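One structure is given here, and the rest of the page talks about it.
A, B, ... follow the sequence lines: proteins, then strands. Residue 1 opens every chain. Remember, it's a predicted structure, so these values are computed and weren't measured experimentally. All values below were derived from every heavy atom in this structure, side-chain atoms included, with hydrogens, water molecules and symmetry-related copies excluded.
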Amino acid sequence: MSAESLKEAFFERDSFEVAEALIGCRLCRKSSDQVISKYTISEIEVYDGFEDRASHAFKGKTKRNSVMFGPAGRLYVYLCYGKHWMLNITTQRYGYPAAILIRALSECEGPGRLTKRLSIDGGFNDLVANKNNSIWFENRASQTVQLKKMPRVGVAYSGPVWSQKPFRYCLDS
DNA sequence: CATTCGATCGGG
DNA sequence: CCGATCGAATGA
C-alpha cells in the first residue's frame, strides 16, 4: 500500500488538529531533473486566527499575508530577515487566517535551511501543494507518533502570553 | 519619504 | 555575539 497524498480536505479543519496529524508526515519534492525526494516533517508551528499576536494575520489582511486568508492546502512562502524563505501550509476555510510553518525536517534543521535545500522561494507562494506543482505532502506510515509541544521560536514581540503558548510541535525521536 | 524591524543563519 | 539583507509596516 503506497502513501496517501494529502489533499485540501486534510488541511481544511482546526489548525491544531492538522498539526497533530501533520507532524511525522512526509514533505515531497520533485526537482527540475525529475528526482523525487521525501523528507520527514519533524518540527512545525501553528499560527492561527485573528487573535494570535505572533501571526502575520494579527494586524489584518495585507498583500504579504493574504494567502493565510485563502483556502487550505496552499503554500504560504515569505521572505524573513531579508534572506530566508519560510515555508508554510495554509489550514482552515477561506476567510480564516491560519498556516503551519515547517521549521525542520528530520534531514534538515531550520526553516530557512530547508527551503534552501528544497529550492523553495517566493515563486511558490499561493501554490496548491500537489504533485503537479512538484511539492506535496504524504501521510506517515504509522498511526501514532511521539510529539512534544513547546513555545514558538522568535516571536517574543508578541508578548508573554502568545510567545509562550505551546504551538510548536516537535517529533520526539 | 525615512526608519524600523523581523516566524533566521552562519561566521568569529 | 553580531552582521547580513530587504520588503513590509509604520510614522513624519
Notebook entry, point to check: Stacking between Tyr81(A) and the base of dA4(C) (centre distance under 5.5 Å, interplanar angle under 30°)?
Noted result: no

Check: Transitively linked via ILVMFWY side-chain contacts under 4.5 Å: Phe137(A) with Leu105(A)?
Finding: yes

Notebook entry, point to check: Of the nucleotides dA9(C), dG7(C), dT8(B), which one has an atom closest to the side chain of Val153(A)?
Noted result: dT8(B)

Checklist line | Arg13(A) atom CZ, neighbour heavy-atom count above 12 within 6.0 Å | finding: yes

Item checked: Within residues 117-124 of chain A, residues whose heavy atoms come under 4.0 Å of DNA chain C -> none

Next item on the list: Specify the separation, in whole Å, of atom OH of Tyr78(A) and atom P of dC6(C).
Entry: 17 Å

Note to self: From CD1 of Ile100(A) over to P of dA7(B), roughly how many Å is that when rounded to an integer?
What the structure shows: 18 Å

Next item on the list: Calculate the interatomic distance between Leu114(A) atom CG and dC9(B) atom C1'; express it in whole Å.
Entry: 13 Å

Note to self: Which residue in the set Arg168(A), Gln164(A), Glu43(A) passes side chain to side chain contact (heavy atoms under 4.5 Å, CB included) when paired with Met150(A)?
What the structure shows: Arg168(A)

Check: Taking NZ, NE, NH1 and NH2 as the nitrogens, is one of them in Glu138(A) or Lys38(A) under 4.0 Å from a carboxylate oxygen of the other?
Finding: yes

Notebook entry, point to check: Within the pair His56(A) and dA7(B), is there a side-chain N or O less than 4.0 Å away from OP1 or OP2?
Noted result: yes

Note to self: When you measure from the centre of the six-membered ring of Tyr47(A), is the NZ or CZ of Arg152(A) closer than 6.0 Å and no more than 45° off the axis?
What the structure shows: yes

Item checked: Integer angstrom distance from the P of dA2(B) to that of dT5(C) -> 22 Å

Notebook entry, point to check: OP1 or OP2 of dT10(C) less than 4.0 angstrom from a side-chain nitrogen or oxygen of Lys59(A), does that happen here?
Noted result: yes

Notebook entry, point to check: Where the side chain of Ser55(A) is defined as all heavy atoms beyond and including C-beta, which of dA4(C), dA7(B), dC9(B) is the nearest nucleotide?
Noted result: dA7(B)

Checklist line | dG3(C) to dT4(B) separation - P atoms, rounded to the nearest Å | finding: 15 Å

Note to self: Please find the pair of heavy atoms, one from Leu75(A) and one from Val67(A), that lie closest to each other, and give the distance.
What the structure shows: O-CG1, 3.6 Å

Next item on the list: Report yes if at least one side-chain N or O of Arg168(A) is closer than 4.0 Å to OP1 or OP2 of dA7(B); otherwise report no.
Entry: no

Checklist line | Euclidean distance, atom NE2 of residue His84(A) to atom C1' of dG10(B) [Å, nearest integer] | finding: 8 Å

Check: Hey, is the side chain of Thr62(A) poking within less than 4.0 Å of OP1 or OP2 on dA9(C), counting only N and O atoms?
Finding: yes

Check: Which heavy atom of Pro71(A) sits nearest a heavy atom of Thr90(A), and at what distance?
Finding: O-OG1, 2.8 Å

Item checked: Nucleotide paired to dG3(C) in any strand shown, Watson-Crick or G-U, under 3.5 Å -> dC9(B)

Checklist line | Pairing partner of dT4(B) (Watson-Crick or G-U wobble, both distances under 3.5 Å) | finding: dA8(C)

Check: Within this structure, what is the CG-to-C1' distance between Leu79(A) and dA4(C), rounded to whole angstrom?
Finding: 12 Å

Next item on the list: Round to the nearest Å and state the distance from Arg152(A) atom CZ to dT8(B) atom C1'.
Entry: 17 Å

Note to self: Quick one, Tyr96(A) with Asp48(A), criterion side chain to side chain donor-acceptor pair (under 3.5 Å). Give me CA distance, side-chain angles, the key distance, then yes/no.
What the structure shows: CA-CA 8 Å; Tyr96(A) 185 99; Asp48(A) 178 83; 2.7 Å; yes

Notebook entry, point to check: Could you give the CD-to-P distance, from Glu43(A) to dA7(B), as a whole number of Å?
Noted result: 16 Å

Note to self: From NZ of Lys83(A) over to P of dG3(C), roughly how many Å is that when rounded to an integer?
What the structure shows: 13 Å

Margin query: Taking the nucleotide of DNA chain B with the nearest heavy atom to each, does Arg113(A) or Tyr157(A) sit closer to the 5' end?
Written below: Tyr157(A)

